[in-house]
Amino acid sequence: MPELPEVETTRRGIAPHLIGHRVRTVQVHDRRLRWPVPAAISKQVPGQTIRALRRRGKYLLFELDHGHVIVHLGMSGSLRIATGDEPRRPYEHVVFVLDNGERLALRDPRRFGCVLWTDADPEQHRLLVGIGPEPLSRACSGDYLYRLSRGRKPAVKSFIMDARVIAGVGNIYASEALFRAGIHPARAAGRISRQRYQGLARAIKATLRDAIAAGGTTLRDFRGGDGRPGYFRAALKVYGRAECPCGRCGAPIRQRQIGQRSSFYCARCQH
DNA sequence: CCGGACGCCTGTCGGC
DNA sequence: TGCCGACAGGCGTCCG
């Protein structure tokens, strides 16, 4: 489900309900996520206060008094705030019960997400340590992408979706940013000029900023922490629009697999 | 070392 | 109507 804008929307929605509140208990109803939910979660977390909620790429980092809970929403995960008397919904595998009576519930039908615990620097966790710069940071520049891409044969779309290159760009926003930059998604990453990477870096940032401002993209069931859907779907130019006329030139939007992922582009506008 | 393919899961949708 | 295959917003791991 979630790419960076959806994770950021979730973070902003749930943070006000969590910061400064103490976790009373953690209910693990099914520990069989992408990685087993560690027993330390239900042992270490109760009694601790949530101090901050940060995002790194598509990961959410819950800072507690001592240690961090690391959450990834995978393909179908979502987080919501529930009141104390609301019944647990299907697939809500992990529930954090807070001292204010509210609960934070992780729903994840496909169980590709994870809930982990670390008492060390979360940025140094093995799942986070190798990931690239935040796309909205200055470090993610056209020059950076240009330099890193030299000699690389894979498609530029696969390149910008590689978390070691940039953190948080997924299948929707890769297609959208490449359309915005006028770059064909299948072009070899190593054969794109510095100038065009500068345009691509700008396009990635603008696309993600716009999507965050719209509350993310709801394709099926994504809800922000406030329960509202994201409105960026209406702003998608190519993703999910196979055969529809390109809004810029009118040619039909193409769909094909690139790196085993569905990709959408305009063959006339993108080269 | 790099790049591509494979699994992990379940729900939904379109076609026959 | 019902069944079955294809496909889905991610990503670590394995293999060549």
Side-chain angles (χ1 to χ4, degrees), chain A residues 1-10 29-37 55-60 70-79 89-94 106-116 125-132 135 148-178 185-191 204 207-208 211-212 214-224 229-243 255-264:
Chain A
M1 168 205 292
E3 301 184 35
L4 186 151
E6 290 74 43
V7 177
E8 178 63 18
T9 297
T10 298
H29 297 94
D30 192 341
R31 61 175 67 256
R32 299 171 303 160
L33 301 185
R34 178 74 203 263
W35 286 278
V37 179
R55 179 189 55 73
R56 178 76 174 95
K58 297 171 192 166
Y59 288 92
L60 285 170
I70 300 173
V71 171
H72 193 290
L73 299 176
M75 200 81 133
S76 59
S78 59
L79 288 165
R89 296 182 188 169
Y91 307 109
E92 288 186 344
H93 305 309
V94 181
L106 171 74
R107 169 187 151 91
D108 188 1
R110 292 176 73 179
R111 292 189 274 118
F112 288 173
C114 64
V115 178
L116 300 172
H125 190 279
R126 72 175 187 101
L127 294 176
L128 282 85
V129 72
I131 68 181
L148 198 58
S149 63
R150 290 311 88 184
R152 299 227 194 174
K153 291 181 197 139
V156 61
K157 175 162 177 279
S158 304
F159 178 68
I160 62 173
M161 287 178 66
D162 184 341
R164 293 165 298 184
V165 176
I166 317 177
V169 178
N171 204 32
I172 296 177
Y173 300 108
S175 278
E176 292 298 312
L178 287 163
R187 174 172 286 269
R191 302 195 53 191
I204 291 170
T207 302
L208 296 177
I212 292 169
T217 299
T218 294
L219 291 182
R220 177 172 292 134
D221 55 7
F222 169 74
R223 299 289 137 149
Y231 298 107
F232 197 68
R233 183 176 191 177
L236 296 178
K237 301 284 197 282
V238 288
Y239 185 88
R241 300 183 52 79
E243 306 304 325
Q255 175 178 7
R256 62 177 265 209
Q257 299 291 116
I258 297 172
Q260 287 101 250
R261 308 299 299 276
S262 270
S263 307
F264 301 85

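Remember, predicted model here, so these are calculated numbers, not experimental data. The sequence lines fix the lettering, A, B, ..., with proteins before strands; numbering per chain opens at 1.
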Taking atom [atom2] of [N] as reference, at what distance in whole Å does atom [atom1] of [X] sit?
X      : N      : atom1 : atom2 : answer
A/Q255 : C/dA8  : CD    : C1'   : 11 Å
A/L219 : C/dG10 : CG    : P     : 10 Å
A/L148 : B/dC2  : CG    : P     : 10 Å
A/R152 : B/dC1  : CZ    : P     : 13 Å
A/I160 : C/dC11 : CD1   : C1'   : 16 Å
A/Q257 : C/dA6  : CD    : P     : 12 Å
A/R164 : C/dC11 : CZ    : P     : 12 Å

Result of checking A/T207, A/L208, A/T10 against A/P5 for side-chain contact (heavy atoms from CB on, under 4.5 Å): A/L208

Is there a side-chain polar atom (N or O) of [X] under 4.0 Å from OP1 or OP2 of [N]?
X      : N      : result
A/S76  : C/dA8  : no
A/R126 : C/dT13 : yes
A/H72  : C/dG10 : no
A/K58  : C/dC11 : yes

P atoms of C/dA6 and B/dC6, separation to the nearest Å: 14 Å

Integer angstrom distance from the P of B/dA5 to that of C/dA8: 16 Å

Scan [X] against the nucleic acid and name what it touches under 4.0 Å (heavy atoms): base, sugar-phosphate only, or nothing.
X      : answer
A/Y59  : sugar-phosphate
A/S158 : nothing
A/Y239 : sugar-phosphate
A/R233 : nothing

Write out a two-atom table: protein N or O, nucleotide N or O from nucleotides 6-9 of chain B, distance below 3.5 Å.
{"unit_1": "B/dC9", "atom_1": "O3'", "unit_2": "A/R111", "atom_2": "NH2", "d": "2.8"}
{"unit_1": "B/dC9", "atom_1": "O2", "unit_2": "A/R110", "atom_2": "NE", "d": "2.8"}
{"unit_1": "B/dC9", "atom_1": "N3", "unit_2": "A/R110", "atom_2": "NH2", "d": "3.3"}

Heavy-atom side-chain contact between A/R111 and A/D30 under 4.5 Å: yes

Any side-chain heavy-atom pair of A/H72 and A/R34 under 4.5 Å: no

Aromatic ring pairing A/F232/A/Y173, orientation class (parallel under 30°, perpendicular over 60°, tilted between): tilted

A/N171 side chain, from C-beta outward: closest of C/dC7, C/dG12, C/dG10: C/dG10

Between the protein and nucleotides 13-16 of chain B, which nitrogen or oxygen pairs come in under 3.5 angstrom?
none

Base-paired stems that DNA chain C participates in, counting runs of 3 or more Watson-Crick or G-U pairs under 3.5 Å: B:2-8 with C:10-16, B:10-16 with C:2-8

From A/L116 atom CG to A/L33 atom CG, the distance as rounded to the nearest 0.5 Å: 9.0 Å

From CG (A/L4) to CD1 (A/I204), nearest 0.5 Å: 11.0 Å

Step-by-step side chain to side chain donor-acceptor pair (under 3.5 Å) determination, A/S263 to A/Q255: CA-CA 5 Å; A/S263 307; A/Q255 175 178 7; over 6 Å; no

Expected output: side-chain A/E8 to main-chain A/I212 donor-acceptor under 3.5 Å: no

Any donor-acceptor N/O pair, A/R31 side chain to A/P36 backbone, under 3.5 Å: no

Minimal non-hydrogen separation, A/L73 against A/P2, with atom names: CB-CG, 3.3 Å

More than 12 heavy atoms from other groups under 6.0 Å of CZ on A/R150: yes

Verdict with supporting geometry, A/H29 and A/E92, side-chain contact (heavy atoms from CB on, under 4.5 Å): CA-CA 8 Å; A/H29 297 94; A/E92 288 186 344; over 6 Å; no

